[in-house]
Each structure stands twice: as C-alpha cells, then as structure tokens.
Amino acid sequence: MATNITDFIKAIVLPLADMKDQVVVTTEEQPDFLVYDLHVSSKDAGRIIGKQGRVAQAIRTIVYSQNHDTTRKIKLNIIPEADSE
C-alpha cells in the first residue's frame, strides 16, 4: 500500500517540479497515521505549495482520497530541502 501511495504522490508532483531528481517521498508508519514526507528542492517548494497553500491542499485532498486503510489516516508533509549545488 505504501508503495502505491508513494508512486501516486510522485506522479502528481513530478510534473510540477523543475528539479525532479530532488523529489523524494519517505514513509513512516505510526499507530494512527501513515506519514508521507515529500522532500522537494527549495526552488520548487513555492510551485508545489502554491499561493496560500492551494496546490498543497489539492495534492493532500487527492492523496487522502486514495487511503484504503480504515485504521490509519494519511498525513502528507511537504519539506523544502536546501539545494545541493
């Protein structure tokens, strides 16, 4: 399940990112949540988050709708990373 959601998140975010090689999704399982950390370049963070967080909220809404685990909710964190240049 986690792999499918990870691939799904990447499929949504990669077209928005210029620094595609820096898009990384990590997963952490907690008792009540499946936590997905989306690491993106700081240059892409504004595009991924959008004005007033609207793009990020849309991404979260789509990802949350894919949750088929009835015991745990999904959390999606968007984490801008320092550029490695």
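Side chains included, hydrogens not; waters and symmetry mates left out as well; all remaining heavy atoms used. Only a predicted model underlies this, so the values are computations on that prediction, with no experimental measurement involved. Starting from 1, each residue takes its place in the sequence as its number.
- A search for side-chain hydrogen bond (donor to acceptor under 3.5 Å, both in side chains) contacts involving Glu28 returns Gln30, not counting sequence neighbours.
- No side-chain heavy atom of Val55 sits less than 4.5 Å from a side-chain heavy atom of Ile49.
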Do any side-chain atoms of residues 71-79 form donor-acceptor pairs under 3.5 angstrom with protein atoms, and if so which ones, sequence neighbours left out?
residue	atom	partner	partner atom	Å
Thr71	OG1	Asp69	OD1	2.7
Arg72	NE	Asp69	OD2	3.2
Arg72	NH1	Glu29	OE1	3.2
Arg72	NH2	Asp69	OD2	3.4
Asn77	ND2	Asp37	OD1	2.9

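- Going from atom CG of Leu38 over to atom CD of Glu81 covers 10.0 Å, rounded to the nearest 0.5 Å.
- A salt bridge links Arg47 with Asp44; the closest basic N to acidic carboxylate O contact falls under 4.0 Å.
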Self-check item: Val40 vs Gln22, side chain to side chain contact (heavy atoms under 4.5 Å, CB included): CA-CA, chis, key distance, verdict
Solution: CA-CA 6 Å; Val40 297; Gln22 292 189 23; over 6 Å; no

Self-check item: Verdict with supporting geometry, Val35 and Thr27, side chain to side chain contact (heavy atoms under 4.5 Å, CB included)
Solution: CA-CA 6 Å; Val35 180; Thr27 307; over 6 Å; no

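- Across all their heavy atoms, Ala17 and Val23 have their closest contact at CB-CG2, 3.8 Å.
- Side-chain heavy atoms closer than 4.5 Å link hydrophobic residues (I, L, V, M, F, W, Y) into clusters, and following such links, even through other members, never connects Phe33 to Tyr64.
- To the nearest 0.5 Å, atoms OG1 (Thr26) and OH (Tyr36) are separated by 10.5 Å.
- Taking CD1 from Ile9 and CZ from Arg60, the interatomic distance works out to 10.5 Å, rounded to the nearest 0.5 Å.
- Across all non-hydrogen atoms, the minimal contact from Pro15 to Lys10 is CD-O, 4.3 Å.
- In this structure, Val63 and Phe8 have side chains that are in contact, with non-hydrogen atoms separated by less than 4.5 Å.
- Listed here is the closest heavy atom pair of Pro80 and Ser42: CB-CA, 4.2 Å.
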Quiz item: Should Ile5 and Val25 be marked as a side chain to side chain contact (heavy atoms under 4.5 Å, CB included) after you check the CA-CA gap, both sets of side-chain angles, and the distance that decides it?
Solution: CA-CA 10 Å; Ile5 298 290; Val25 179; over 6 Å; no

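- Connection of Ile12 to Val24 is not established within any shared hydrophobic cluster, with ILVMFWY side chains joined at heavy-atom distances below 4.5 Å, either directly or through further cluster members.
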